[in-house]
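A short worksheet on the structure shown next.
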Amino acid sequence: MINEKEQAAITKYDLYYESRMTKMETISQQLAEDVKEIKQDLRWMFGLMIAFSGIMMTLMAKGFHWIG
């Protein structure tokens, strides 16, 4: 048989467990959203780097008279 003290301890532990699980679920959802944003930022960054490199190569080619 379970006495009142044991029952209170079980209930207290269950409440702590539930609150910790809720916090972990919230954190994991926030991390998933952050990863999506980081992926978009990286795509923009690589796109800008490629565009800037193309512009610089064009200017260098014109400077060295490789193109008309």
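All residue numbers refer to positions in the sequence shown, counting from 1.
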Just distance, no hydrogens or angles: give the donor-acceptor pairs under 3.5 Å from side chains in residues 36-51, sequence neighbours left out.
none

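- For F52, there are no ring-ring contact (aromatic ring centres under 6.0 Å, His included) partners at least two apart in sequence or on another chain.
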Which pairs would a plain distance check flag for residues 22-31, meaning a side-chain donor or acceptor within less than 3.5 Å of a matching protein atom at least two apart in sequence or in another chain?
from, atom 1, to, atom 2, distance (Å)
T22, OG1, E18, O, 2.9
T26, OG1, T22, O, 2.9
S28, OG, M24, O, 3.3
S28, OG, E25, O, 2.8

